[in-house]
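This report refers to the structure that appears directly beneath it.
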Amino acid sequence: MNLANSPFLAACRGEKPERTPIWIMRQAGRYLPEYRKLREKVDFLTLTKTPELAAEATMQPIRRFGMDAAILFSDIMTPLEGMGIELEFAPGPIISRPIRRAEDVEKLHVADPEESIPFVMEAIRIVRREIPETPLIGFAGAPWTLFCYLVQGSGSKNFARARAFLMSEERAASSLLDILARTVASSLEAQARAGAQALMIFDSWAGLLDEGSYRRFCLPALSLLRSRLQKSGLPLIYFPYGGAHFLAAVAELGFDVVGLDWRSSLSRARAVLGPKPALQGNLDPAALFAPRKELIRRAKALLDEARDAGPHIFNLGHGIERDTEIAAVEALVETVHSYGTAGGHS
Ligand code: 1CP
C-alpha cells in the first residue's frame, strides 16, 4: 500500500478513509508482556536512549495488533536535558532542581535535538526501515505540560506550584514557555526530517487552566509551534487533555487533528471546532476492563457517532492502563477494523 493512502494519514488530511484507523495512546508499555521483558534488562531512560531498543518497543504493538499507526517510543521529557535540566524517572519524571524563580529561567537555553537527542532520530530511521508500510507518529509535550513538570518538579494531581508561577512571575513564565516552544519545535522538525509522517503534541495538563490563562499563556507558544511545523508539511495532532471548556480557543490554532479525552462528546467538539480538523479519540480506557460485550457495544456506539461527525481516528480518551488485558485490545482493534468502514454497518 502507498503510505500516503494509509487510512491513518488520509484521516489526518481530513479525507474519509476506506476504514476507520485505530492506534492507542501508550500502546507500547507495561500491559504488553514483550515490553515488560525488554524492561527487565534496562531501565526506562536507557530504553529511550538506545535506538535499537526504542525502535523495538515502538514496533511491538504493531506486530501484535496491527495498529494503523506507530508512535515513537520515547517520552515528552526527553528533549529537556539539552536545555540544561537534570532529569530522572521513578517511574514518572523527577526534576532535581525545579524552576522556581525568574533567575532559574535565565539559565536555560533552547536545546538542539541533533546534538542532545540524536538517538531519537536514529530510532525513527530504524522504524521507517523495518515497518515501512505503517505510518510513524513523532511527538513532543506541549510547552505548558512540560512547564508543569519543570516548575512542580514531579508529577502532581493539580500542579498548583506551576499554576501559581503563572500568577507571580508572569514574564518569566512567558519566557519559559517560549524557550520550551522553540525546543519542542526543533525536536519535532528533527523528527520530521528523520522520517516521521505525523507529529503529535501532548498537552496532558492543559485542562488545569481556565480559558483566560490558556489564551494568555498557551496560545502564543502553541501558535509559534504550529507556524514552524506547518513548514514540515506533516499533519499536526494536538491533544488538550481535559480541555473541552476551551475548545473554542483550540479551534483558532488550526491543527489538522484534535485529540479528545473520554469526557468530551465527538459531536459537540465537532460543532465547536468546525468541519476541518479530524477528531481523534475517545473511548474511555476503563471500557477495556468492562465485559467484552459492553466494550464492543461502546466501541460501535462511538463509531456510529463519528460517522456523522467527519474524519475520525479511533483512539482511547487517554493512555491505556497498565493492567489492561491483551484480549480486550484485540477485540477492540478487530471491532474498529470490521465495523468502522466508510460504507457503514457490517
Ligand atoms: O516504567 C516504565 O516503563 C516507564 C513508564 C513510561 C512509559 C512507558 C514513561 C514514564 N513514559 C513512557 C512512554 C511514553 N510517554 C510514550 C511512548 C509511546 C506510546 O504512547 O506508546 C509517550 C507518548 C509518553 C508521553 C508522556 N509522558 C505523557 C503524555 C501522555 C499522557 O499520558 O498524558 C506524559 C504526561 C508523560 C510523563 C510521564 N513519563 C512517564 C510517566 C509515568 C509519566 C506520567 C507522570 C505523571 O503521572 O505525571
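Counting convention: from 1, in listed order, for ligands and their atoms alike.
With a 4.0 Å heavy-atom cut-off, ligand 1 is reached by the backbone of S74 but not by any atom from C-beta on. Of all the heavy atoms of Y241, none lies under 4.0 Å from any atom of ligand 1, so neither backbone nor side chain is involved. By the criterion of a heavy-atom distance under 4.0 Å, the backbone of L72, and not its side chain, is placed next to ligand 1. Residue M77 does not touch ligand 1, judged by heavy-atom distances below 4.0 Å.
Shortest contact from atom 29 (C) of ligand 1 to any protein heavy atom: S204 OG, 3.2 Å. Atom 42 (C) of ligand 1 has its closest protein heavy atom at G92 CA, 3.7 Å. Nearest non-hydrogen protein atom to atom 38 (C) of ligand 1 is P93 CD, 3.6 Å. Of the protein's non-hydrogen atoms, R26 NH2, 3.6 Å is the one closest to atom 28 (C) of ligand 1. Looking only at protein heavy atoms, the nearest one to atom 25 (C) of ligand 1 is I76 CG2, 3.7 Å. For atom 40 (C) of ligand 1, the closest non-hydrogen atom on the protein side is D75 OD1, 3.6 Å.
In this structure, the separation between CD on E88 and CD1 on I94 is 7.0 Å, given to the nearest 0.5 Å. To the nearest 0.5 Å, atom CG of residue L224 and atom CG of residue L177 are 11.0 Å apart.
Around atom CZ of R263, more than 12 heavy atoms belonging to other residues, nucleotides or ligands sit under 6.0 Å away.
If you number the atoms of ligand 1 from 1 as listed, the ones under 4.0 Å from a heavy atom of I71 come out as 18 (C), 19 (C), 20 (O), 21 (O). Per-residue contacts place P91 under 4.0 angstrom from the following atoms of ligand 1 (heavy atoms of the residue considered): 10 (C), 40 (C), 42 (C). Against a heavy-atom cut-off of under 4.0 Å, Y35 is close to the following atoms of ligand 1: 2 (C), 3 (O), 8 (C). Close contacts of ligand 1 with G155, meaning ligand atoms under 4.0 Å from a residue heavy atom, involve 48 (O). Counting atoms of ligand 1 from 1 in the listed order, those under 4.0 Å from a heavy atom of R30 are 1 (O), 2 (C), 3 (O). Within ligand 1, the atoms closer than 4.0 Å to a non-hydrogen atom of Y149 are 35 (C), 37 (C), 44 (C), 45 (C), 46 (C), 48 (O), numbered from 1 in the order shown. Close contacts between ligand 1 and R39 involve ligand atoms 1 (O), 2 (C), 3 (O) [criterion: under 4.0 Å to a heavy atom].
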### Task
Determine, stepwise, if the pair E325 / R292 fulfils salt bridge (Lys or Arg N to Asp or Glu O under 4.0 Å).
CA-CA 11 Å; E325 247 184 79; R292 213 49 42 85; 3.5 Å; yes

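In this structure, R36 forms no cation-pi arrangement with Y31, as its terminal cationic atom is not both closer than 6.0 Å to the ring centre and no more than 45° off the ring axis. Geometrically, R19 does not engage F8 in a cation-pi contact, judged by NZ or CZ lying under 6.0 Å from the ring centre and within 45° of the ring axis.
An N or O contact shorter than 3.5 Å is missing between S156 and ligand 1 by distance. Taking only nitrogen or oxygen atoms, main chain and side chain alike, A28 reaches within less than 3.5 Å of ligand 1. Residue contacts with ligand 1: T145 is placed with no nitrogen or oxygen under 3.5 Å of a nitrogen or oxygen of the ligand (distance criterion only).
Residue contact annotation: G319 has no non-hydrogen atom under 4.0 Å from ligand 1. At least one heavy atom of H318 lies less than 4.0 angstrom from ligand 1.
When atom types are taken as modelled, the side chain of R226 and the backbone of G254 share a donor-acceptor pair closer than 3.5 angstrom. A distance-only check finds a donor-acceptor pair linking the side chain of Q197 to the backbone of G195 [under 3.5 Å].
Using a 4.0 Å cut-off between charged side-chain N and carboxylate O, R63 and E56 make a salt bridge. Of the charged side-chain nitrogens involved, none lies within less than 4.0 Å of a carboxylate oxygen, so that E122 and K49 do not count as a salt-bridged pair.
A parallel orientation is assigned to the rings of H318 and W262, their planes being inclined by less than 30° (bins at 30° and 60°).
Nearest-residue assignment for atom 4 (C) of ligand 1 (options F139, F202, F44, W205; heavy-atom criterion): F44.
Residues that satisfy the side chain to side chain contact (heavy atoms under 4.5 Å, CB included) test with A190, not counting sequence neighbours, are P113, E114, M121, R193.
The ring-ring contact (aromatic ring centres under 6.0 Å, His included) pairs that include a residue from residues 35-61 are Y35-F73, F44-F73, F44-F89, where partners are two or more places apart or lie in different chains.
Following chains of ILVMFWY side-chain contacts shorter than 4.5 Å, one can reach L3 starting from I237, so the two form part of one hydrophobic cluster.
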